[in-house]
Each structure stands twice: as structure tokens, then as C-alpha cells.
Number of protein chains: 2
Amino acid sequence: MSTNKAGDDMHSNHVGEFLKDNGIKPSYQRIKIYEYLMGSMTHPTVDTIYNALCDQIPTLSKTTVYNTLKVFIDKGIAMAITIDDNEVRYDTRTDVHGHFKCEKCNEIYDFKANIELEDEDVLRGFEITKQQLFFYGVCKHCSEAK
Amino acid sequence: MSTNKAGDDMHSNHVGEFLKDNGIKPSYQRIKIYEYLMGSMTHPTVDTIYNALCDQIPTLSKTTVYNTLKVFIDKGIAMAITIDDNEVRYDTRTDVHGHFKCEKCNEIYDFKANIELEDEDVLRGFEITKQQLFFYGVCKHCSEAK
DNA sequence: TCTCAATTTGTAATGATTACAAACCAATCA
DNA sequence: TGATTGGTTTGTAATCATTACAAATTGAGA
Ligand SMILES: [Mn+2]
Ligand SMILES: [Mn+2]
Ligand SMILES: [Zn+2]
Ligand SMILES: [Zn+2]
């Protein structure tokens with residue numbers, strides 16, 4: 001339906017503009033990958049992203065997903081979340097926030113936390129460029145399911 | 001010199017007792033690995049541990065280092081630090097504390113921090129079993145070296 | 001249309017970790 | 001003492017996410 005088409009295009013244009021504003025040439029693949037990543041609340045892995053987009057972009061290569069995510073990170077519009085030890089997850093939320101991983105359902109939850117140094121002296125003079133806060137355990141949903 | 005020998009033995013016995021107290025049969029390899037890990041402030045990797053002990057234990061296998069560290073972690077006397085994306089580091093400090101990684105010299109620094117949830121509701125009912133707090137940047141030493 | 005640089009793609013290499021089975025060891029028992 | 005046995009150690013092979021690399025494709029300008 002043409003309304004949907006138009007809506008998609010507007011959205012894609014919007015994402016394209018956003019990429020351009022951040023110094024990234026908005027190729028079809030990059031737009032689709034950014035759209036997917038932004039729309040997903042699951043902090044997907046490369047494999048998840050690749051499999052999700054295979055249908056829309058039959059020629060897509062996994063290397064492109066890796067390359068594109070690296071570009072996003074370099075330009076500061078995405079973040080790598082190394083909360084798993086076997087594969088990296090990605091996030092378009094770039095503000096400082098924590099991640100909780102449920103060891104039962106493997107879901108990742110966002111949360112906001114305030115971190116204050118106990119011994120102010122230890123890191124005095126250190127330049128902090130990145131933070132990661134990871135909690136692990138069992139989420140409420142899995143707890144209640146017993 | 002016999003005093004040194006005696007000292008070493010006492011120390012090893014001490015570590016052996018500690019392992020036994022934590023339900024771990026104190027084999028030669030396990031004692032040496034725990035001693036090294038405890039004595040090192042660098043949060044060493046499997047490779048570092050393996051190379052450091054090769055001289056003392058010529059038959060040592062890297063698999064043993066992996067196995068042993070897994071036992072330590074299972075029994076709660078060591079911790080895996082996944083602050084690097086390509087290899088895991090290990091720590092005998094099991095109290096909750098943060099780690100700063102200098103991207104220049106790759107050194108890992110310990111620090112204590114207080115974490116308070118901003119939006120208390122988000123993780124209400126969640127069971128938290130493990131926390132990891134990682135800071136990345138440039139340490140004071142590297143900053144001053146310019 | 002031609003050119004050129006950037007992007008994409010497929011394949012091969014890398015390297016940390018795990019799987020697995022054989023060898024070894026240390027304690028117990030006949 | 002010698003056999004048994006279960007846990008520990010060891011070496012090798014497999015796994016698998018990520019990276020390296022070079023060829024193919026694209027697309028904007030001349
Ligand atoms: Mn997030
Ligand atoms: Mn530490
Ligand atoms: Zn859950
Ligand atoms: Zn440094």
C-alpha cells in the first residue's frame with residue numbers, strides 16, 4: 001500500500017539524514033541495520049541482526065554487519081555491550097546506563113544508576129572515556145514463573 | 001636456604017588449607033595457580049598465568065589453567081573479569097569492586113564505587129547475583145607521560 | 001559514459017576457549 | 001605390597017565469533 005511505502009521512505013529518509021549528520025554515508029545496508037538496531041529493544045548480536053535482515057537484503061554479508069557496527073561505534077551513534085562472554089551485543093542508546101542480564105531467559109534490561117567513587121583518590125587524574133555497568137541474575141518474570 | 005624452603009612450604013600449606021576449606025583438593029598445580037593469581041595485582045589472563053608458571057611446572061597444560069580457574073570461580077574464591085573483548089582476566093578479590101582499564105598501557109586498576117539505582121522500580125523483584133563495573137580511558141601515569 | 005573512491009561481499013585466517021579421551025596420580029583396600 | 005578407583009592433568013582436535021584481505025559492486029561527479 002502506498003501509504004505504508006511513503007511512511008517507510010520518510011522513516012528511511014529520516015534515518016538517512018541522521019546518519020549523514022553523523023558523518024556516515026547512508027547506504028541501503030547502513031540504513032536498514034541502524035533501523036533494525038534502533039527498533040530492537042533486545043540489544044541484538046551480529047548474528048541476530050544478520051538473520052533478521054537476510055530477507056530484506058538477500059545479498060547482505062555478515063562482514064558488512066560487522067563493518068557497519070564498527071562505523072556506528074566510531075561515530076558515536078552506537079555502543080558495544082560485552083555483557084556476554086561469547087558474543088557482543090549492540091545498542092543505539094549511547095547515554096550511560098546499566099544492563100541487567102537474566103541468566104534464565106537471557107534477556108537484557110536497561111536501567112539507570114548513579115555511580116559514585118568511594119575512594120575519590122584512586123582514579124584522580126584518570127581520564128574516563130567509557131563506562132560499562134553489568135548486573136547478572138534472574139529477572140522478575142523468570143523468578144515469578146518459578 | 002632452609003628458611004626460605006620452610007617459608008615457601010608454610011605459605012603453600014596455608015594456601016592448601018585455604019583451598020581445602022573451600023572444597024577444593026589442593027593439588028600442586030592448583031596451589032601454584034592460586035598463589036600466582038593472588039600474588040599478582042595485574043588481573044592476569046590464562047596465557048599470562050600459563051607462561052608465568054611454565055618454568056616451575058614444566059608439564060603444565062593450558063587446559064589445566066582453564067579447568068582450575070573454573071573450579072576457583074565455581075567455589076567462589078576467584079572471579080572472571082571480562083573487561084577485554086578478546087580474553088578473560090582473573091581476580092582473587094571477590095568483593096564487589098570496579099575495574100579501570102587504561103587503553104594506553106592496558107593496565108587494570110581496582111577501585112571502589114557505590115552504585116545506587118536511579119529508578120528503583122526498574123529492577124524491583126530482580127535477583128542480582130553478580131555485578132561488573134568497568135571504566136575505560138587513560139590512566140594518570142600515561143596522561144602525564146604525554 | 002568514464003573514473004575513482006567508498007562500500008559491500010565472500011572466503012580464508014586468527015585465536016581464545018571448549019570438548020574429549022588418554023595418561024597420571026594419590027588414596028584406599030585386599 | 002599390589003590392585004582398584006575416582007579425581008586430576010595433559011595434549012590434541014574441534015568450535016566459533018571475529019578479523020583480514022582482496023575482488024566485486026556501487027554511486028556520485030567529471
Ligand atoms: Mn541498553
Ligand atoms: Mn580487581
Ligand atoms: Zn528472565
Ligand atoms: Zn596507562
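Order of the sequence lines sets the chain letters (A, B, ...), proteins ahead of strands, with each chain counted from 1.
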> Using a heavy-atom distance cut-off of less than 4.0 Å, which residues of residues 73-89 of chain A contact DNA chain D?
Replying inline: A/Asn86, A/Glu87, A/Val88
> Could you give the CD1-to-C1' distance, from B/Ile31 to D/dT9, as a whole number of Å?
Replying inline: 15 Å
> Run the ring pair (Phe, Tyr, Trp, His ring centres under 6.0 Å) check on B/Tyr34 and B/Phe72 step by step: do they pass?
Replying inline: CA-CA 8 Å; B/Tyr34 188 81; B/Phe72 290 172; 5.5 Å; yes
> With no hydrogens and no angle check, is any side-chain donor or acceptor of B/Gln132 less than 3.5 Å from a backbone partner on B/Ala80?
Replying inline: yes
Hey, what are the protein-to-nucleotides 5-12 of chain C N/O distances that come in under 3.5 Å?
from: C/dT7; atom 1: OP1; to: A/Arg30; atom 2: NH1; distance (Å): 2.9
from: C/dT8; atom 1: OP1; to: A/Ser27; atom 2: OG; distance (Å): 2.2
from: C/dT8; atom 1: OP1; to: A/Gln29; atom 2: OE1; distance (Å): 3.4
from: C/dT8; atom 1: O3'; to: A/Gln29; atom 2: NE2; distance (Å): 3.0
from: C/dT9; atom 1: OP1; to: A/Gln29; atom 2: NE2; distance (Å): 3.2
from: C/dT9; atom 1: OP1; to: A/Thr59; atom 2: O; distance (Å): 3.1
from: C/dT9; atom 1: OP1; to: A/Thr59; atom 2: OG1; distance (Å): 2.6
from: C/dT9; atom 1: OP2; to: A/Ser61; atom 2: N; distance (Å): 3.3
from: C/dT9; atom 1: OP2; to: A/Thr64; atom 2: OG1; distance (Å): 2.8
from: C/dT9; atom 1: O5'; to: A/Thr59; atom 2: O; distance (Å): 3.1
from: C/dG10; atom 1: O6; to: A/Thr63; atom 2: OG1; distance (Å): 3.3
from: C/dT11; atom 1: O4; to: A/Thr63; atom 2: OG1; distance (Å): 3.3

> In whole angstrom, what separates B/Phe72's CZ from D/dT8's C1'?
Replying inline: 13 Å
> Which heavy atom in A/Tyr109 sits nearest to a heavy atom in A/Cys102, and how many Å separate them?
Replying inline: CE1-CB, 4.5 Å
>> I need the CG-P distance between B/Asn51 and C/dA16, as an integer number of Å.
In response: 11 Å
> So do B/Tyr36 and B/Pro44 actually touch side chain to side chain, heavy atoms under 4.5 Å?
Replying inline: yes
>> Quick one, B/Val138 and B/Glu103 - any side-chain contact, counting heavy atoms below 4.5 Å?
In response: no
> Separation of B/Lys32 atom NZ from D/dT8 atom P, in whole Å?
Replying inline: 19 Å
>> If you compare all heavy atoms of B/Leu133 against all heavy atoms of B/Ala113, which two are closest, and at what distance to 0.1 Å?
In response: CD2-CB, 3.7 Å
>> Can you tell me how far apart OG1 (A/Thr64) and CD1 (A/Ile57) are? Round to the nearest 0.5 Å.
In response: 9.0 Å
> A/His97 side chain to A/Asp95 main-chain N or O, any donor-acceptor pair under 3.5 Å?
Replying inline: yes
